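Each remark here refers to the structure printed beneath this line.
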Amino acid sequence: IRLPGGNFISGWEWRDSIGPKEKRKSHLDLAWRQYEPNIVGHDEYLEWARRANVEPLYTINLGTGDINSAIECVEYSNHSGGTYWSDLRIKNGYKDPHGIKTWYLGNEMDGPWQIRSWQKDPKGYGVLAHETSKAMKWVDPSIETVACVSCSPYLNTYPEWDISVLEQCYETVDYVSLHHYHCAPVGSMDAYLNASSAFEDYINTEISICDYMKTKLRTKKKMMLSFDEYGSRFKEQGKTYTGTAGQVPFESFTDGNKDRPFLYFDPTAKSDDSMHHKHQNQLLNALTSASIIMTFIRHADRVKIGCMTGGVRGAIAFDHDHVWQSATYHSFYLLSKYGRGTSLLPTVESPLFDVKGYNLDAFAQSMSYEDVKSIEAAVVMDEEKEEVNIFVLNRDVADDIEIDLDVRSFEGFQLIEHIELYSDDISKGNSYDNPEAIVPAVNADTKLSSGKIQMLAKKLSWSVIRLGIM
């Protein structure tokens, strides 16, 4: 889980969030125009991550922050003791180092909406990332660092910005950070379910850039990818900027923010919208989330980190008083449980469909795609458990599809079960009062015979086919 992160980080001062709460400084958060009282600060973030048994992906401020702040943050967090900053951590109640492994060198530094953006100076950011990464690793050689590249394939600086950055910092960082939100016109289910095509294009381009830089710099190092923000949603038609050669006017990034008052966040206020997160289009969200993660699995040789934006907000729904599992929880959980091992690339023959291009606003747009496969798949083999798990998505909006899975390569394996996530009413969704409107179920009709599995993939459904040595 990436914390802290997002646009917020480019103006955040971590030093003001440690120590006794009554002595912490409050600041204006310019990113989201709210008051930041630092009630939940640096140590609370990391204590929560420890208790939740998750790995923190820590982002440092390279907007208004500097190298000294980064050095001192690593020293405070990871050094055992004997220095001002590490002893201050101990004084604040944390004797053992937090042991943060993965550090992000800023957030979306190419974005003109970012506080102290490096949009106009990619070389400058690349040099800063290089020097900061180098110094942080001098404090703790065990850590790994992640540099920002273009946070959206829609920005007119992409992909030249990435090349300029990587030329400066390629040899001292371990990953590049990718962000992408797939938006589709309201009601266009085929466009919505085609998210993986956009993610494939973005990943393949970034891999090509990294490998080009590897050759240019005459290094043996292979750069890995961190997809630490991703998501999908429907979006209304907004303002477009045609005829500007891809140069989106600066004011388009600030118009919706400049007149907003600064707000206090009050967790006790039942009318506060931030304390209500209910999901619409739950089945489609679950299917598209699975599709994106399956894309990461197919690129597991290079995509080593994935982090759903908002963390649990993608899988957990809540109001002021209740928490429950959305449909996306189930696809995410099953992928996390059964998507561990070695990724195997499946060959898929499938019915095809086309998706028209669209331009909703500066960021919600897509080229047209032809011959998109209705069936999408990913496969993971867990050699330790002697299991093979096959993930199958049918994104056809109208038709069930009969599938023959050729698994003769897995001699001796038997069908364990076919788990299916499906609803005959896509308007349904889980709620506190009805938490099981959409839940996985076992499909007992699927059979394995002579090395082939015959199954019916219902329209708009996602399946897990589990094989093992019985």
Side-chain angles (χ1 to χ4, degrees), residues 2 57 102 104 107-111 144 146-155 157-166 169-170 173-184 191-215 221-233 287-309 314 331-332 335-336 339 342-348 355 357 363-373 375-380 391 393 395:
R2 190 172 67 124
L57 309 176
T102 307
Y104 287 75
N107 172 77
E108 297 186 354
M109 301 312 301
D110 61 323
E144 54 190 18
V146 189
C148 297
V149 289
S150 291
C151 58
S152 170
Y154 303 138
L155 288 173
T157 52
Y158 173 78
E160 290 85 357
W161 204 88
D162 309 48
I163 295 172
S164 297
V165 167
L166 284 175
C169 66
Y170 186 97
V173 302
D174 304 284
Y175 304 84
V176 293
S177 168
L178 306 183
H179 296 176
H180 184 57
Y181 297 95
H182 176 74
C183 298
Y192 191 77
L193 292 164
N194 189 41
S196 60
S197 293
F199 279 84
E200 285 275 1
D201 288 346
Y202 190 17
I203 290 170
N204 287 331
T205 300
E206 209 61 46
I207 289 173
S208 298
I209 291 170
C210 292
D211 290 349
Y212 161 76
M213 197 55 60
K214 173 186 175 183
T215 301
K221 178 180 181 177
K222 182 178 289 188
M223 185 67 68
M224 298 302 167
L225 277 56
S226 167
F227 230 116
D228 41 276
E229 286 194 26
Y230 68 89
S232 60
R233 63 188 178 99
L287 300 182
T288 305
S289 176
S291 174
I292 295 169
I293 299 172
M294 288 160 63
T295 305
F296 297 161
I297 289 175
R298 292 194 298 271
H299 287 279
D301 58 326
R302 300 299 289 271
V303 179
K304 296 299 183 181
I305 296 174
C307 185
M308 184 192 303
T309 307
S331 58
F332 188 89
L335 279 158
S336 178
T342 301
S343 175
L344 309 179
L345 289 179
T347 300
V348 178
V355 179
F363 288 102
Q365 52 191 260
S366 175
M367 68 176 72
S368 61
Y369 285 90
E370 297 179 351
D371 296 334
V372 179
K373 294 179 179 179
I375 298 297
E376 184 177 7
V379 184
V380 175
F391 306 103
L393 171 65
R395 46 190 171 184

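Just so it is clear, the values below take in all heavy atoms, side chains as well, and ignore hydrogens, waters and symmetry mates. All values reported here derive from a predicted model rather than from experimental measurement.
Taking the side-chain hydrogen bond (donor to acceptor under 3.5 Å, both in side chains) definition, one finds that E160 meets it with nothing, sequence neighbours left out. Remark: D162 pairs with S150 by the side-chain hydrogen bond (donor to acceptor under 3.5 Å, both in side chains) rule, at least two apart or across chains. Under the salt bridge (Lys or Arg N to Asp or Glu O under 4.0 Å) criterion, E376 pairs with R298, R395, not counting sequence neighbours. Applying the ring-ring contact (aromatic ring centres under 6.0 Å, His included) criterion to Y104, with sequence neighbours excluded, gives no partner residue. Residues satisfying the ring-ring contact (aromatic ring centres under 6.0 Å, His included) criterion with Y158, sequence neighbours excluded, are Y202.
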(message) ring-ring contact (aromatic ring centres under 6.0 Å, His included), that's the test. Do F199 and H180 meet it? Break it down for me.
(response) CA-CA 8 Å; F199 279 84; H180 184 57; 4.9 Å; yes
(request) For the pair S366 and V355, evaluate side-chain contact (heavy atoms from CB on, under 4.5 Å) and give the outcome as yes or no after the intermediate values. (result) CA-CA 9 Å; S366 175; V355 179; 5.8 Å; no
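The backbone N or O of M213 lies less than 3.5 Å from no partner atom in the side chain of Y170, so there is not a single donor-acceptor pair. Between the side chain of D228 and the backbone N or O of I305 there is no donor-acceptor pair closer than 3.5 Å.
Looking at every heavy atom in both residues, L287 comes nearest to L193 through CB-CD2, 4.0 Å. Between P346 and A377, the closest heavy-atom pair is CG-O, 3.7 Å. Across all their heavy atoms, C169 and A147 have their closest contact at SG-CB, 3.9 Å. Listed here is the closest heavy atom pair of V165 and C148: CG1-O, 3.6 Å. What you find for A195 and I292 is that their closest heavy atoms are CB-CG1, 4.2 Å. Shortest non-hydrogen contact noted between S289 and M308 is OG-CE, 4.0 Å.
Rounded to the nearest 0.5 Å, atoms CD1 (I297) and OG1 (T342) are 12.0 Å apart. Atom-to-atom distance recorded for Y175:OH and T102:OG1 is 5.5 Å, nearest 0.5 angstrom. Rounded to the nearest 0.5 angstrom, D301 CG and L225 CG are separated by 9.5 Å. Taken to the nearest 0.5 Å, the OG atom of S152 stands 8.5 Å off from the CD atom of E108. For the atom pair OG of S368 and CG of N194, the computed distance is 10.5 Å after rounding to the nearest 0.5 Å. To the nearest 0.5 Å, atoms CD1 (I209) and CH2 (W161) are separated by 12.0 Å.
By the 6.0 Å contact criterion, NZ on K221 is enclosed, its count of non-hydrogen atoms from other residues, nucleotides or ligands being greater than 12.
With a 4.5 Å cut-off on side-chain heavy atoms, P153 and D201 do not count as touching. Contact check for K304 versus D174: no side-chain heavy atoms found under the 4.5 Å cut-off.
Aromatic ring pairs are classed by plane angle as parallel below 30°, tilted from 30° to 60° and perpendicular above 60°; the pair F227 and Y230 is perpendicular.
Evaluation of the side-chain hydrogen bond (donor to acceptor under 3.5 Å, both in side chains) test over residues 203-214, restricted to residues two or more places apart or in two chains, returns D211-R302.
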